[in-house]
Amino acid sequence: MAALPEITALLGEPRFNWSDPAPWIELERELGTAFPADFREIVDAYGSVMVNNQLYLEHPAAHLLHSLGRSIQGDFELWRDEDMVEFLPSPVGADPGELIPVASAVTGEAVFLRVPDEPSSPWRVVVQEFDSPAWTLYEMTFSDWLLAYLKGRDVTLCSRNRAPDGPFYEFLP
């Protein structure tokens, strides 16, 4: 699993550095599942940001305009619509095998965390291309997926054309 220092080396020093677990506890209680530690660590470090003018990451703190909890609820509604169900490999939700929408991109992709079938199994990443019925399961943790993205590897989202001078982020308003 990639570590935050590897991501920081490419993306730059985080400036959010959230330490209060309360927003996560509330969101996890609401969903009935705990997010993977690597995802929480990255989002706590960077907050609600846009990476490379492409990828939206959001923090669950309710006072933020771009809150992960509100986005997940809205995305659950979208992806549970009968016209959208066929575009994903499994249903959205927080039960084993289901998908939790955790990020999106201006280029039309949606990024999901796949809830493990067993508590000891790793979380995986699924990326859906909104403009097509295509989706890809990445057999990697969120931190490994994000690191691959930041390095310019093709993980459905690709940063090469978005960050020619190297990865960067900006806080969302």
Side-chain angles (χ1 to χ4, degrees), residues 1-2 6-7 10-11 27-28 31-43 46 48-60 66-119 121-170 172:
M1 178 178 356
E6 293 173 271
I7 291 168
L10 291 170
L11 193 53
L27 179 57
E28 291 170 345
L31 294 176
T33 194
F35 284 87
D38 68 319
F39 178 74
R40 285 180 59 158
E41 181 181 35
I42 292 164
V43 173
Y46 287 96
S48 293
V49 295
M50 178 187 276
V51 179
N52 297 338
N53 283 329
Q54 180 180 30
L55 177 65
Y56 293 103
L57 295 178
E58 296 176 329
H59 191 274
H66 299 277
S67 169
L68 180 62
R70 285 191 302 275
S71 292
I72 287 173
Q73 292 306 324
D75 288 344
F76 275 176
E77 286 182 34
L78 169 73
W79 291 105
R80 285 178 176 151
D81 183 272
E82 66 183 68
D83 293 332
M84 300 303 289
V85 170
E86 67 184 279
F87 295 106
L88 293 174
S90 56
V92 293
D95 290 330
E98 293 183 330
L99 305 173
I100 300 175
V102 295
S104 62
V106 297
T107 47
E109 296 84 1
V111 180
F112 299 84
L113 291 176
R114 185 182 180 282
V115 181
D117 292 321
E118 302 292 327
S121 298
W123 288 73
R124 296 298 182 222
V125 175
V126 171
V127 181
Q128 198 284 333
E129 297 180 57
F130 201 70
D131 59 347
S132 75
W135 55 266
T136 305
L137 170 66
Y138 291 94
E139 295 287 340
M140 56 179 67
T141 63
F142 181 80
S143 57
D144 288 336
W145 180 87
L146 182 60
L147 188 61
Y149 166 75
L150 294 173
K151 289 181 175 180
R153 296 190 184 127
D154 186 357
V155 285
T156 306
L157 288 176
C158 192
S159 66
R160 285 186 293 261
N161 298 335
R162 295 280 192 177
D165 297 327
F168 65 96
Y169 72 96
E170 301 171 309
L172 295 175

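Heavy-atom basis, side chains included; hydrogens, waters and symmetry copies ignored.
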A.B. asks: With side chain to side chain contact (heavy atoms under 4.5 Å, CB included) as the test, would you mind laying out the steps for L157 and T107 before giving the verdict?
C.D. replies: CA-CA 8 Å; L157 288 176; T107 47; 3.6 Å; yes

A.B. asks: Closest heavy-atom contact between A148 and V155?
C.D. replies: CB-CG1, 3.8 Å

A.B. asks: Tell me the closest heavy-atom pair linking D154 and Y138, and the distance in Å.
C.D. replies: O-OH, 4.3 Å

A.B. asks: Indicate the atoms forming the closest heavy-atom contact of I72 with P101, along with that distance.
C.D. replies: CG1-O, 3.1 Å

A.B. asks: Considering non-hydrogen atoms only, spot the tightest contact between A103 and L55 and give its length.
C.D. replies: CB-CD1, 4.0 Å

A.B. asks: Give me the atom names and distance for the closest heavy-atom approach of S48 to H66.
C.D. replies: OG-O, 2.7 Å

A.B. asks: Just so I know, are the side chains of F142 and L113 near enough to count as touching, which here means a heavy-atom distance under 4.5 Å?
C.D. replies: yes

A.B. asks: How close do S90 and G97 get, counting heavy atoms only, and between which atoms?
C.D. replies: OG-O, 2.9 Å

A.B. asks: Any carboxylate oxygen within less than 4.0 angstrom of a Lys/Arg side-chain nitrogen, looking at E28 and R40?
C.D. replies: yes

A.B. asks: Please lay out, stage by stage, how L68 and H59 fare under the test side chain to side chain contact (heavy atoms under 4.5 Å, CB included).
C.D. replies: CA-CA 5 Å; L68 180 62; H59 191 274; 5.9 Å; no

A.B. asks: Could you tell me whether the side chain of E58 reaches within less than 4.5 Å of the side chain of S71, counting heavy atoms only?
C.D. replies: yes

A.B. asks: Would you say that more than 12 heavy atoms from the other residues, nucleotides or ligands in this model lie under 6.0 Å from the CD of E118, or not?
C.D. replies: no

A.B. asks: Considering the options V106, V102, V51, which one meets the side-chain contact (heavy atoms from CB on, under 4.5 Å) requirement together with Y56?
C.D. replies: V106

A.B. asks: Using atom types as modelled and distance alone, determine if a side-chain donor or acceptor of D38 lies under 3.5 Å from a backbone N or O of S143.
C.D. replies: yes

A.B. asks: Using modelled atom types only, decide if a donor and an acceptor are shared between the side chain of D81 and the backbone of D83 within a distance under 3.5 Å.
C.D. replies: yes

A.B. asks: Do L88 and L99 make a side-chain contact, defined as non-hydrogen atoms from C-beta onward lying under 4.5 Å apart?
C.D. replies: yes

A.B. asks: Kindly say whether the aromatic ring centers of F130 and W79 come within a distance under 6.0 Å.
C.D. replies: yes

A.B. asks: Show your working on side chain to side chain contact (heavy atoms under 4.5 Å, CB included) between F87 and W135 and close with a plain yes or no.
C.D. replies: CA-CA 7 Å; F87 295 106; W135 55 266; over 6 Å; no

A.B. asks: Could you measure the distance from the CG atom of L172 to the CG atom of L57? Nearest 0.5 Å is fine.
C.D. replies: 8.5 Å

A.B. asks: Evaluate R114 against D117 for salt bridge (Lys or Arg N to Asp or Glu O under 4.0 Å), listing each step before the verdict.
C.D. replies: CA-CA 9 Å; R114 185 182 180 282; D117 292 321; 3.2 Å; yes

A.B. asks: So, does E98 use its side chain to make a donor-acceptor pair with the main chain of D95 at under 3.5 Å?
C.D. replies: yes

A.B. asks: Side chains of N53 and F168: closer than 4.5 Å at any heavy-atom pair?
C.D. replies: yes

A.B. asks: Within the structure provided, determine whether D144 and R124 are in side-chain contact (heavy-atom separation under 4.5 Å).
C.D. replies: no

A.B. asks: What is the distance from atom CG of L27 to atom CZ of R70, rounded to the nearest 0.5 Å?
C.D. replies: 11.0 Å

A.B. asks: Just so I know, are the side chains of P60 and V43 near enough to count as touching, which here means a heavy-atom distance under 4.5 Å?
C.D. replies: yes

A.B. asks: To the nearest 0.5 angstrom, please state how far the CG atom of L146 sits from the CE atom of M140.
C.D. replies: 11.0 Å

A.B. asks: If you count heavy atoms of other groups shown closer than 6.0 angstrom to CD of E77, is the number above 12?
C.D. replies: no

A.B. asks: So do V125 and T136 actually touch side chain to side chain, heavy atoms under 4.5 Å?
C.D. replies: no

A.B. asks: Could you check if a side-chain atom of Y149 sits within less than 4.5 angstrom of a side-chain atom of V111, using non-hydrogen atoms only?
C.D. replies: no

A.B. asks: How many angstroms lie between atom CD of Q54 and atom CE of M50, to the nearest 0.5 angstrom?
C.D. replies: 9.0 Å

A.B. asks: Between F39 and T141, does a side chain to side chain contact (heavy atoms under 4.5 Å, CB included) hold up when you go through it step by step?
C.D. replies: CA-CA 8 Å; F39 178 74; T141 63; over 6 Å; no

